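Down below is the structure, laid out as structure tokens.
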Amino acid sequence: MARVPAAAPHALAEVMNSIRSAPRALIRRRRARRTPPTPELAARPRPWTRAAGLVTVVLLGAWLGLLVVGDVRVPVGPMNTTMTLRPSVAGGTKINVSPLGALQLDSHIAPVRLDVNVDQLDPDRAQALVDHPERLSGLQDEVARDVEHGTLDLAVRSCVAVVTGATALGLAVYRRPRRALGAGGLALTLLVASGGTAYATWNPDSVLEPRFSGLLSSAPSLVGNARSIVTEFDVYQKELARLVTNVTKLYDVTSTLPAYQPDPTTIRVLHVSDIHLNPASWKIIASLVRQYQVNVIVDSGDTMDHGTAAENGFLDPIEDLGAPYVWVRGNHDSEETQNYLRGLKNVHVLDDGRARNVAGLRFAGIGDPQFTPDRSQSDGAEASQELAGARLASALRDQSTAGTPVDIAVAHEPSAAREVDGAVPLVLAGHLHREDMEVIKYGTRLRVEGSTGGSGLRAVEGKYPDPIQASILYFDRDTRRLQAWDEIKLGGLGLTTAEVSRHLPKENQPGATPSPSPS
């Protein structure tokens with residue numbers, strides 16, 4: 001009888017156990033397939049993550065679509081332009097007039113900005129306007145129609161570009177037609193919402209307060225004179241036509257840049273301050289006097305830096321600036337500086353509230369009671385400023401009682417200037433090396449000028465050089481009230497940027513009622 005190996009029974013038992021356990025293993029596998037994985041083993045994607053991803057795809061696709069096909073070439077009057085929609089946080093409209101610069105208008109608030117690029121001037125259409133100036137009367141209607149047609153065409157193309165871009169990118173990312181169509185629908189919804197927001201916040205009066213950046217010599221012609229912008233009828237069309245007319249003149253290659261010719265009934269005041277011994281300031285001031293045909297210059301102090309006799313020769317160019325120079329003493333100007341200026345031709349020194357008539361306006365001012373060329377501040381400095389302002393306010397009220405009211409008061413420090421609230425329509429100041437404007441409690445408007453000298457030698461103390469700032473103030477010759485002002489900002493030491501922004505008092509906005517005089 002053959003022998004069976006000792007290991008055979010054990011192996012046979014193992015095989016039988018495997019056969020018996022097979023059904024149970026299959027059952028466990030089926031249950032494992034039906035049972036969803038626990039969060040610890042496979043985390044499900046969060047809904048907000050998927051939504052954020054979809055929004056990112058939509059925005060990126062819409063932006064790419066606008067970049068590719070989202071522009072329209074439109075003839076506007078005698079100019080050929082390109083209109084484009086661009087994503088933007090602040091919205092508005094930007095008109096690029098290369099190489100002269102750019103105009104920015106706060107036309108609407110929406111996540112899209114309208115860019116208008118002036119590509120070139122059509123010589124035939126421009127010559128037709130030159131040969132037939134009577135056509136300028138109908139230019140506003142022509143420009144309005146051109147802009148309306150161009151904007152409508154741009155809106156249609158932008159919708160197609162946005163939806164196509166978002167859908168194409170959605171298809172590339174998700175590879176599912178339904179998800180791609182969802183991205184396109186969301187893009188269209190966002191564009192329609194942006195258009196509705198822009199329509200609801202549309203401000204046609206924004207053309208009255210443009211911001212110009214570029215060649216400073218072009219600013220007066222592009223921004224326009226102050227008298228013509230104070231209008232009550234058809235603001236948008238008229239101002240848009242005026243802009244087109246000015247750009248046409250500037251692009252006319254047969255002549256040089258036109259001289260600025262403001263309305264003769266407007267008095268133009270150049271406000272400067274805190275020159276601080278910067279010799280470049282005199283050339284800038286002389287240029288602004290010529291470009292804007294300034295009637296009078298007002299300097300609210302700190303022309304010097306230490307007020308010594310050795311610095312007096314720095315003041316001699318004032319005689320050749322081409323306009324009367326009204327001046328008050330700052331805390332860096334000494335009594336010796338003031339006496340030297342009294343001897344210069346065409347200089348009017350204001351102090352102790354005494355009034356002077358210059359260029360059709362009546363001025364009064366007071367010198368700074370402090371002399372701190374080392375930038376120190378003694379005890380009671382603020383009280384002395386308030387006392388000086390009170391003395392000026394008393395003199396202003398005496399002038400009003402005598403029937404010779406003052407139009408503009410001047411002080412160096414704003415703390416002194418605020419004390420004349422209610423005694424004069426406008427008070428000018430400096431000292432802070434930055435521009436500011438406010439209407440004080442009793443109706444007096446306080447205008448603080450920045451540093452026309454770019455803070456002088458102190459311009460190099462910080463990381464970036466301080467800008468050179470000045471303002472052109474426009475006054476009605478009959479009422480002697482402020483109509484508008486242009487803030488002019490030039491790049492500081494070593495920079496060549498230039499920016500001019502137009503501003504209107506609220507009472508001069510179209511449809512506004514004039515504000516009462518300070519009492």
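No experiment lies behind these values; they were computed from the predicted model shown. The first residue in the sequence is number 1, and the count goes up from there. Quick note: numbers below take in every heavy atom, side chains included, and nothing from hydrogens, waters or symmetry partners.
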Checklist entry - Should M304 and L277 count as side-chain neighbours, where that means a heavy-atom distance under 4.5 Å? => result yes
Next on the checklist: Can a donor-acceptor pair be found, under 3.5 Å and without considering hydrogens, that links the side chain of H108 to the backbone of V112?
Outcome noted: yes
Checklist entry - Side chains of V269 and V294: does their closest heavy-atom pair fall under 4.5 Å? => result no
Checklist entry - Counting N and O atoms only, with roles assigned by atom type, does the side chain of T151 sit under 3.5 Å from a partner on the main chain of V147, one being a donor and the other an acceptor? => result yes
Checklist entry - Hey, would you say the H332 and H276 ring centroids sit under 6.0 Å apart? => result yes
Checklist entry - If you look at every heavy atom in L288 and A470, which pair is closest and at what distance? => result CD1-CB, 4.2 Å
Item to check | N/O donor-acceptor pair under 3.5 Å between Q483 side chain and Y474 backbone | outcome: no
Item to check | Gap separating the OG atom of S287 from the CG atom of L321, nearest 0.5 angstrom | outcome: 11.5 Å
Checklist entry - Do you know which two heavy atoms are closest between S194 and P111, and how far apart they sit? => result OG-CG, 3.3 Å
Next on the checklist: Just so I know, are the side chains of L350 and I366 near enough to count as touching, which here means a heavy-atom distance under 4.5 Å?
Outcome noted: no
Next on the checklist: R434 vs Q469, test: side chain to side chain donor-acceptor pair (under 3.5 Å). Steps then yes/no.
Outcome noted: CA-CA 8 Å; R434 56 178 173 80; Q469 297 177 295; over 6 Å; no
Checklist entry - Is a side-chain donor or acceptor of T401 paired with a backbone partner of R397 at a separation under 3.5 angstrom? => result yes
Checklist outcome for this item: Correct closest heavy-atom pair for A423 and A393 would be CB-O, 4.2 Å
Item to check | side chain to side chain contact (heavy atoms under 4.5 Å, CB included) evaluation trace for L270 with V296 | outcome: CA-CA 6 Å; L270 172 60; V296 56; over 6 Å; no
Next on the checklist: Could you report the tightest heavy-atom contact between P75 and N80, atom names first, then the distance?
Outcome noted: CB-OD1, 4.1 Å
Next on the checklist: Is it the case that the side chain of S400 and the backbone of L396 share a donor-acceptor pair, with hydrogens and angles ignored and the cut-off at 3.5 Å?
Outcome noted: yes
Checklist entry - Going by atom types only, do N331 and T372 share a side-chain donor-acceptor pair under 3.5 Å? => result yes
Checklist entry - Between M83 and V76, what is the shortest heavy-atom contact and its length? => result CE-CG2, 4.4 Å
Item to check | Side chain D421, main chain T444, donor-acceptor under 3.5 Å | outcome: yes
Item to check | Side-chain donor or acceptor of W282 paired with backbone N/O of F314 under 3.5 Å | outcome: yes
Next on the checklist: Please determine whether side chain to side chain contact (heavy atoms under 4.5 Å, CB included) holds for the pair R329 and D302, giving the CA-CA distance in whole Å, both sets of side-chain angles, and the decisive distance to 0.1 Å.
Outcome noted: CA-CA 7 Å; R329 187 178 68 251; D302 274 6; over 6 Å; no
Checklist entry - Using a distance-only test with no angle check, is there a side-chain donor-acceptor pair under 3.5 angstrom linking Q338 and S334? => result no
Item to check | Side chain to side chain, R445 and L482, heavy atoms closer than 4.5 Å | outcome: yes
Checklist entry - Any side-chain donor paired with an acceptor under 3.5 Å for T82 and D119? => result yes
Item to check | Stepwise side chain to side chain donor-acceptor pair (under 3.5 Å) check, S107 with W202 | outcome: CA-CA 6 Å; S107 57; W202 176 250; over 6 Å; no
Checklist outcome for this item: Rounded to the nearest 0.5 Å, the CD atom of E382 sits from the CG atom of L387 at a distance of 12.0 Å
Item to check | Derivation of the side chain to side chain donor-acceptor pair (under 3.5 Å) call for H431 and D274 | outcome: CA-CA 6 Å; H431 185 66; D274 296 87; 5.1 Å; no
Item to check | Stepwise side chain to side chain donor-acceptor pair (under 3.5 Å) test for Q370 and S384 | outcome: CA-CA 8 Å; Q370 301 286 316; S384 67; 2.7 Å; yes
Checklist entry - Could you walk me through whether R480 and D478 pass the salt bridge (Lys or Arg N to Asp or Glu O under 4.0 Å) check? => result CA-CA 6 Å; R480 300 186 299 280; D478 296 327; over 6 Å; no
Next on the checklist: So if I apply the side chain to side chain contact (heavy atoms under 4.5 Å, CB included) rule between N96 and each of V116, T81, L103, N117, which one comes out positive?
Outcome noted: N117
Checklist entry - Okay, side chain of T452, backbone of S273: is any donor-acceptor separation there less than 3.5 Å? => result yes
Checklist entry - If you measure only the distance, is there a donor-acceptor pair under 3.5 Å linking the side chains of Y325 and N346? => result no
Next on the checklist: When you measure from the side chain of R268 to the backbone of Q293, do you find a donor-acceptor pair of N or O atoms at a distance under 3.5 Å?
Outcome noted: yes
Next on the checklist: Assess, by modelled atom type and distance only, whether the side chains of Y340 and D333 contain a donor and an acceptor separated by less than 3.5 Å.
Outcome noted: no
Next on the checklist: So, using side-chain hydrogen bond (donor to acceptor under 3.5 Å, both in side chains) as the criterion, who are the partners of R391 when residues are at least two apart?
Outcome noted: D352
Checklist outcome for this item: CG of N295 to CG of L473, rounded to nearest 0.5 Å, is 11.5 Å
Checklist outcome for this item: Between A102 and K94, the two heavy atoms sitting closest are CB-CE, 4.0 Å
Next on the checklist: One thing to verify: whether R502 and D486 come together as a salt bridge, which I'm taking to mean a side-chain N less than 4.0 angstrom from a carboxylate O.
Outcome noted: yes
Item to check | Candidate pair E413 and R418, rule salt bridge (Lys or Arg N to Asp or Glu O under 4.0 Å), full reasoning | outcome: CA-CA 9 Å; E413 290 208 21; R418 286 189 176 88; over 6 Å; no
Checklist entry - Checking side chain to side chain contact (heavy atoms under 4.5 Å, CB included) for the pair R447/S471: CA distance, chi angles, key distance, verdict? => result CA-CA 10 Å; R447 168 71 189 167; S471 298; 2.4 Å; yes
Item to check | Main-chain N/O of T308 paired with E311 side-chain donor or acceptor, under 3.5 Å | outcome: yes
Next on the checklist: With side chain to side chain contact (heavy atoms under 4.5 Å, CB included) as the criterion, how do F475 and D407 come out once you've worked through the C-alpha distance, each side chain's angles and the decisive distance to 0.1 Å?
Outcome noted: CA-CA 10 Å; F475 292 84; D407 303 310; over 6 Å; no
